[in-house]
2 protein chains.
Amino acid sequence: MAREKLVVIGGDAAGMSAASKVRREDSGREILVFERSPHTSYSACGMPYYIGGVVEDVEPLIARSPQKFREKYRIDARIRHEVTEIDPKKARVRVADLEGKAERWESYDQLLIATGASPFCPSLPGADAEGIFGLSTLESGLRVRRALERLSPRRVVVVGGGYIGLEMAEAFIRLGLEVALVQHGPQVMGTLDPDMGKLLSDALREIGVALFLEEAATGFETREGKVRGVVTEQRTLPAELVLLGMGTRPNSALAEAAGIALGARKAIPVNPRQQTQLENIWAAGDCAESFHRVSRRPVHIALGTVANKQGTVAGINLAGGYATFPGVVGTAVSKICQYEVARTGLQETEIREIGLEAVSATITSKTRAGYYPGGGPVTVKLWAEKGSGRLLGGQIVGIEGAAKRIDVLATALHAELTIEQLIYLDLSYAPPYSPVWDPVQTAARQVLNKL
Amino acid sequence: MAREKLVVIGGDAAGMSAASKVRREDSGREILVFERSPHTSYSACGMPYYIGGVVEDVEPLIARSPQKFREKYRIDARIRHEVTEIDPKKARVRVADLEGKAERWESYDQLLIATGASPFCPSLPGADAEGIFGLSTLESGLRVRRALERLSPRRVVVVGGGYIGLEMAEAFIRLGLEVALVQHGPQVMGTLDPDMGKLLSDALREIGVALFLEEAATGFETREGKVRGVVTEQRTLPAELVLLGMGTRPNSALAEAAGIALGARKAIPVNPRQQTQLENIWAAGDCAESFHRVSRRPVHIALGTVANKQGTVAGINLAGGYATFPGVVGTAVSKICQYEVARTGLQETEIREIGLEAVSATITSKTRAGYYPGGGPVTVKLWAEKGSGRLLGGQIVGIEGAAKRIDVLATALHAELTIEQLIYLDLSYAPPYSPVWDPVQTAARQVLNKL
């Protein structure tokens, strides 16, 4: 494949993981990356901490700059270049130089679509007012931080109680602002079961977030083009700054226009090697589907970990090697002040929807041995399939030291372990880290009693 | 099996886990436990923290007292009773009441040997002097704490650099004492490879422990029956208190005298249901063998986690149910001041001894995203089998947040995952917890390059 030309659309996690992998495996390959923002390879997940002032400077959030890619990896990463069309028949893409405004065609032998995802922005009255922000790219994070300085808001409303919404609520609390959070559903963090979500709601209220659950935002109050409040069915919440955390949508329009039939939540379907339905066109990261190993269904999960892995797999294959992405189990983790929350596998609604017969148990244990100072509560909920005893999912809410335990459950899900196997795992124990039965095993013991 | 009489020798983790499980499953069973110490169900692992003053009181270290077992579980737990002989032919044990000194025979239908392990005390000149202590039972911990008050030592020598030795060195440092540690081998923590052990030696020196490696203790200097120093081949290290952390030996003499052929390191061989070779005699915990799932060999690992699990399995079977203990993978973790150390699976010497062809890689990463405050270095070393790519073992040394990651590796070992499967595990990520590639996955990526 040497001397073939690889074009990558998108210069963040998936695109640059792939490009770097190809370079390492094939020193002669021509690699061209188009990125519409001014940045490559940055940590979007770090944005809430930059905005909240936990992280002072933005530079450390950038893993590698376009210059570094050019000089160290001989990857031609062109920022402020947007691909506006894919022409699969002629194996070329149309590229707009966002500075010069010129457009031209660029040919490829292999094309990787790594266009990411964008925050969902509802078309509500007033949604285009100044002071309303989504959060996904480094640029969008910089915009929020600049707006905080410029607008000096006293009151902020976060619309949406997913990870981004909650982490941004924490960031605004850190900055000493009055924070309200509006969530159309009955709980924050919809990827948790209601009982576990409630623990998190309580935690949010404790840190000072005013929660308005089961209220949908219906519009925005504006004055002179600036946002002044969020209108819900019940009230208007005053705000000088609004953060939309209503989930993301894959940037898949380019792929769709090129003739790719979109899949789960409009993400780009790929095979385990990250190939799309079209010849020589690959996709990876937040724009692509993943295979869920527990539900055995395609899903769209926009997370940096998945993007890096899919990008690596695509890169190995694009370099002429062979790798497959084995899929996800739906793991996620977040930290909201002193509270930690994590989940993996299937939650109750998914289990019901698929039609699995399952039992669950919820236990509260400690992050350290009971007598060891500095420990605190950790609540673990596990789901297992009746009959087989196979672990289906787990959720954890607790204080420091609680959440990373989810990785044991994620590994167990990958390996399709049963609850009984989970109980007898040789997990580490010392008083500063855990009770003698790790909380995930204590939960498993309770589940076994019900199986 | 109802109304059968169960006799348990030993009232700590394994014995009481079994007894409690039997009670839960069979409310009518007669359960009699003989424990030679004055305590039941205590956390031996908590001793270094009690001695070092991290834990103020001893009561929280006792999970359940004999009174509680009697009243809540109707388990007749007789403390200060020592079983001095097992007579398997007549299905009876001889019991000495250590208070009354009387001995009598007690019959059983089923017998569980859960006699634990004892610290190894070498027969060196002066070893019986006052001020020389091993550490295993709650009693032994209380003795050390009382000795610290009574003898007011300024200088302490720890002999042996295993977990107990290191945790006690930390405890003495916390108390402001001058601490020297003598280790006959070239490194502390012999269950680590030398390169990883060196990181820990450096950490110990940093917290103020004077390390004397490759020096065997040959005796003790004493004056008027009190210890005054530890004599090695090279020097005499002055000490008013000496702590022996030279490993443990299974308390298996009773079993051997009853006709059981002992196994690995004189531990009691058991089948996966925890049955010994003798009819109606079971064994669990620190006195018993375990099956090592990676080396496929019997091993002796004296740890509370293993004891609790083996006790639970024995209890289920003794209650008429069916359970098997799937074995261990050799997981252990410890905390030495701000340093965390953990290991699982096989280390280099074991891999060589078994004759496996293997490759390893060692990486240093961060416990949190690089830009997130409060993170620090974590070094991960992984071993994998050539050809199959199967994970064989892992070792971790780092600062807070490093060590519990060993549980992912332990779970992967249980499930016999390959390095490639480890790389693509859907582990949790958020900046406060991890870089986007978890350090264990970064290490796995390096190993894959060498496979």
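Reminder, nothing fancy here: chain letters follow the sequence lines and each chain counts from 1.
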| What residues form a ring-ring contact (aromatic ring centres under 6.0 Å, His included) with Tyr371(A), not counting sequence neighbours? | none
| query | Do you know which of Pro373(B), Ala410(B), Ala13(B), Pro48(B) has the most heavy-atom pairs with chain A at a distance under 4.5 angstrom? | reply | Pro373(B)
| request: Sort Leu61(B) into side chain, backbone, both or neither according to what part of it lies under 4.5 angstrom from a heavy atom of chain A. | output: both
| message | What residues of residues 438-450 of chain B make heavy-atom contacts with chain A at a cutoff under 4.5 angstrom? | response | Asp438(B), Gln441(B), Arg445(B)
| message | Ignoring hydrogens, what is the shortest heavy-atom contact between Lys404(B) and Ser428(A)? Give both atom names and the distance. | response | NZ-O, 3.0 Å
| request: Would you mind telling me which of Leu303(B), Leu413(B), Val306(B), Val313(B) has the largest number of heavy-atom pairs within less than 4.5 Å of chain A? | output: Val313(B)
| said: Working to the nearest 0.5 angstrom, can you tell me the gap between Thr324(A) OG1 and Glu420(B) CD? | reply: 6.5 Å
| Contact part of Ile406(A) toward chain B, heavy-atom cut-off under 4.5 Å: side chain, backbone, both or neither? | side chain
| said: Is there a side chain to side chain contact (heavy atoms under 4.5 Å, CB included) between Trp437(B) and Asn308(A)? Walk through the geometry before answering. | reply: CA-CA 8 Å; Trp437(B) 286 99; Asn308(A) 273 284; 3.7 Å; yes
| task | Test side chain to side chain contact (heavy atoms under 4.5 Å, CB included) on Asp407(A) and Tyr433(B) and set out the steps. | result | CA-CA 11 Å; Asp407(A) 288 348; Tyr433(B) 302 110; over 6 Å; no
| said: Quick check on Tyr424(A) against chain B: is it the side chain, the backbone, both or neither that has a heavy atom closer than 4.5 Å? | reply: both
| query | Is chain B contacted by the side chain of Ser290(A), its backbone, both, or neither, given a heavy-atom distance below 4.5 Å? | reply | neither
| request: Flag the one option from Ala332(B), Ser334(B), Ala323(B), Ala412(B) with the top tally of heavy-atom pairs under 4.5 Å to chain A. | output: Ser334(B)
| said: With a 4.5 angstrom heavy-atom cut-off, is it the side chain or the backbone of Leu417(A) that approaches chain B, or both, or neither? | reply: side chain
| said: Can you tell me which portion of Glu340(A) sits under 4.5 Å from chain B's heavy atoms? Options are side chain, backbone, both or neither. | reply: both
| query | Side chain, backbone, both or neither: which part of Glu59(B) has a heavy atom under 4.5 Å from chain A? | reply | neither
| request: Specify the closest pair of heavy atoms between Cys45(A) and Pro431(B), including all atoms of both residues, with the distance to one decimal. | output: O-CG, 3.4 Å
| request: Let me know if Thr411(A) has heavy atoms under 4.5 Å from chain B in its side chain, its backbone, both or neither. | output: both
| Which answer fits Leu422(A), side chain, backbone, both or neither, if we ask what part of it has an atom under 4.5 Å from a heavy atom of chain B? | neither
| field | Shortest non-hydrogen contact from Tyr372(B) toward Val54(A) | value | CE1-CG1, 3.9 Å
| message | What part of Ile423(B) gets within 4.5 angstrom of chain A, counting heavy atoms only: side chain, backbone, both, or neither? | response | backbone
| field | Which portion of Phe325(A) sits near chain B, non-hydrogen atoms under 4.5 angstrom | value | side chain
| query | If you look at every heavy atom in Ala415(A) and Ala415(B), which pair is closest and at what distance? | reply | CB-CB, 3.3 Å
| task | Any chance you could measure Leu425(B), atom CG, to Arg293(A), atom CZ, to the nearest 0.5 Å? | result | 8.5 Å
| query | If every non-hydrogen atom of Val329(A) is compared with every non-hydrogen atom of Asp426(B), which pair is closest and at what distance? | reply | N-OD2, 2.8 Å
| task | Look at Thr305(A), Asp57(A), Leu409(A) and state which one has the largest set of heavy-atom pairs under 4.5 Å with chain B. | result | Thr305(A)
| query | Counting only heavy atoms not in Gln421(B), do more than 12 sit closer than 6.0 Å to its CD atom? | reply | yes
| request: Select one option (side chain, backbone, both, neither) describing which atoms of Arg343(A) are under 4.5 Å from chain B's heavy atoms. | output: neither
| request: Using non-hydrogen atoms and a 4.5 Å limit, figure out which bit of Ser17(B) sits close to chain A: side chain, backbone, both or neither. | output: neither
